[in-house]
J.: 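Here you go, one structure.
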Amino acid sequence: MADGEEPPAKRQCVEQSHVEVTASQPGQNEGAVGQQNAGTLQATLHGGPLQAPFELRPPQSSICEQPAPRLPAREAERLAPGAYSQREEALIKREQDGDISFRYVLNNDDPQNLIHLVGLKNIFSKQLPNMPREYIVRLVMDRRHRSVALLKRNGTVIGGITYRAFHAQGFGEIAFCAVTSHEQVKGYGTRLMNQSKEFARSIDRLTHFLTYADNNAVGYFEKQGFTREITLERERWQGYIKDYDGGTLMECVMHPRVCFTTLPEMVRVQRLALDARIRELSNSHVVRPGLAHFAELGNSGAARSAVAIWDIPGVREAGWTAEMVQPGPRFRLVLEEEGGAAREASAEVLRAFLRQLLEYVKGLEESWPFRERVAVEDAPDYYDVIKDPISLDVMEERLASASFYITLDIFTADLRRLFENCRFYNAPDTIYYKLANKLESQVNTYLSSHVLFEEKEGGAGAAPHQR
Ligand code: ACO
């Protein structure tokens, strides 16, 4: 540990052997900058130039220097931002209104800067209790370090990032990052990081941020684009940055042409471009009216009839043609009452078969939990969890109506739902879950011996599409 300080208990700093040597180069540079700098740099939005009372290097080309992308009003309205963009866009609005601001702060003897740095030091000390205070003070006040302070309108510092810029190596090492406790999880941390990237990219000309993230803050850094994979050549960083125990080394690449302060708008434009391309390739965005057919029948008691597939809105438009619709394989049904005769599946035979199948299921020992609707007294939350309940007594009512189970598929779909509902509601080690499995297996065996598919050329027919 440098300067004879006690190593921090957590994120323990182990200064590398030749840090001092290389650090001196940017340090000298910064000293010169520091003397010229009389004030802070004020972040501006939408790529406006960074106001500085001094000359740094020529501005680096980036989309920040171009006008921020603007969407046509109608498109912007249609493409609502995702939650992520929404939060940051709200903060951008507050920046524009002057409620909050971000300052690039150097320790250059400017009294206002010192006030901001002391504010930052206080937040870091509080939010990073495992870091010795003296260590925080030393780094925050170090003239080789840069800080980005997040200020409220009244000038109070509510968060910030301090990093050391290794100019010759092209990367910055984030030493501290924190937002005051009552302002966390409001999006400030994200905006702060984006502002810091933009300052580091455009003023310090850095291409990478490295940091030893506290293990409990790794998730935050990941969401800011940091990865555990370090792509920066090892020679460029090893020995320059400090090792911390209890931390994870992470990296973020700052693309030279990305403007980090206008990211939400960029994401919006990207989404719009993607959306436009998808619309060129597909018509999945077209919403067609649903089928009124069944709703109109309602409880009138009228017989349900099938809807021709071509009458379903969107089927033709989606590119389906008559040749593409294959009829399901033909099958015969074995009727016990006719001594096990296999009969063509006419409407009448189907009805007789379904009655026979239902009686068979009800008669099985394992079917007792499925015979009647689940009682709320037995399972108070059942109907909150299971949105499409079914039971054998309901199936019996449907079968009696003559117009419900007009295909075998509709009937077996209800049976499948019976088992799936049970397995969804009950844990695998319960008797109900096990009975559902057993009953399903018996039903499958029954179906395979009582529904006889006509063999297609080349083998058994495929699963029927519509029976
Ligand atoms: N772990 C995992 N995810 C987190 C954490 C965390 N500790 N903190 C925030 N996040 C998530 C948020 O849930 C949010 O997720 P979302 O975008 O999916 O909604 C996202 O990160 C960004 O949240 P913000 O609201 O923008 O961040 P916030 O203002 O809370 O600031 C910060 C994050 C700086 C980590 C803050 O919580 C803090 O000061 N923590 C205490 C100090 C600390 O741990 N600092 C990092 C130490 S490591 C170092 O300094 C190098």
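When a residue number appears, it is its place in the shown sequence, counting from 1. Note that ligands are numbered from 1 as they come in the structure, with each ligand's atoms numbered from 1 the same way.
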J.: Mark yes or no for whether Thr211, through its side chain, and Glu173, through its backbone, hold a donor-acceptor pair below 3.5 Å.
T.: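 No.
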J.: Take every heavy atom of Glu222, measure it against each atom of ligand 1, and state whether any distance is under 4.0 Å.
T.: no
J.: For Gln127, counting its heavy atoms only, list the atoms of ligand 1 lying under 4.0 Å from any of them.
T.: 41 (C), 42 (C)
J.: Could you list the atoms of ligand 1 found under 4.0 angstrom from a heavy atom of Phe176?
T.: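 Those qualifying, in numeric order: 50 (O).
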J.: Does any N/O atom on Gly219 come nearer than 3.5 Å to any N/O atom on ligand 1?
T.: no
J.: Would you check the N or O atoms of Glu183, main chain and side chain alike, for any that come under 3.5 Å of an N or O of ligand 1?
T.: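 Not met; the criterion fails.
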J.: Relative to the heavy atoms of Lys186, which atoms of ligand 1 are at a distance of less than 4.0 Å?
T.: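 Answer, ordered by atom number: 25 (O).
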J.: Can you sort out which atoms of ligand 1 are near Asp214, meaning under 4.0 Å from one of its heavy atoms?
T.: 47 (C), 48 (S)
J.: Would you mind listing which atoms of ligand 1 come within a distance below 4.0 Å of any non-hydrogen atom of Gly189?
T.: 24 (P), 26 (O), 27 (O), 28 (P), 29 (O), 31 (O)
J.: Give a yes-or-no answer on whether the side chains of Ser391 and Asp393 include a donor-acceptor pair shorter than 3.5 Å.
T.: yes
J.: From the options Gln184, Met193, Glu173, Lys223, select the one whose nearest heavy atom is closest to atom 36 (C) of ligand 1.
T.: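 Result: the heavy atom closest to atom 36 (C) of ligand 1 is in Gln184.
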J.: Within the 4.5 Å heavy-atom criterion, are Met266 and Val269 side-chain neighbours or not?
T.: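 No. Closest side-chain heavy atoms not under 4.5 Å.
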J.: Against heavy atoms of Leu128, which atoms of ligand 1 measure under 4.0 Å?
T.: 42 (C), 43 (C), 45 (N), 47 (C)
J.: Any heavy atom of Phe221 closer to ligand 1 than 4.0 angstrom?
T.: yes
J.: Hey, which atoms in ligand 1 end up nearer than 4.0 Å to a heavy atom of Gln224?
T.: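 Those of ligand 1 that fall under 4.0 Å from Gln224 are 22 (C).
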J.: Quick test of your reading of the model: are Arg228 and Glu251 salt-bridged, counting only N-O distances below 4.0 Å?
T.: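 So Arg228 does not pair with Glu251 through a salt bridge.
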J.: Does this structure show an ion pair linking Arg373 with Glu397, if we count only N-O contacts that are shorter than 4.0 Å?
T.: yes
J.: Kindly say whether Gly314 contributes a backbone atom to a donor-acceptor pair with the side chain of Glu317 at under 3.5 angstrom?
T.: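 Side chain of Glu317 to backbone of Gly314, a donor-acceptor pair under 3.5 Å: yes, one is there.
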J.: Would Arg94 and Asp97 pass as an ion pair if we require N to O under 4.0 Å?
T.: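 The answer is no: the pair does not qualify as a salt bridge.
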J.: Say whether Ala213, considering both its backbone and side-chain N or O atoms, lies within less than 3.5 Å of an N or O atom on ligand 1.
T.: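 No - when backbone and side-chain N and O of Ala213 are compared with those of ligand 1, no distance drops under 3.5 Å.
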J.: Please work out, at 4.0 Å between heavy atoms, whether the side chain, the backbone, both, or neither of Thr211 comes within that distance of ligand 1.
T.: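 Looking at Thr211 and ligand 1, just side chain atoms fall under 4.0 Å.
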J.: Look at atom NZ of Lys126 and say whether more than 12 heavy atoms of other residues, nucleotides or ligands are closer to it than 6.0 Å.
T.: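 Check fails, neighbour count at 12 or below.
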J.: Walk me through whether Tyr425 and Tyr382 qualify under ring pair (Phe, Tyr, Trp, His ring centres under 6.0 Å).
T.: CA-CA 7 Å; Tyr425 184 78; Tyr382 187 81; 4.8 Å; yes
J.: State whether a side-chain donor-acceptor pair under 3.5 Å links Gln270 with Glu265.
T.: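 Their side chains do not contain a donor-acceptor pair, so the 3.5 Å distance test is not met.
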J.: Which of the atoms of ligand 1 are close to Asn216, meaning less than 4.0 Å from one of its heavy atoms?
T.: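 That gives atoms 1 (N), 6 (C), 7 (N) of ligand 1.
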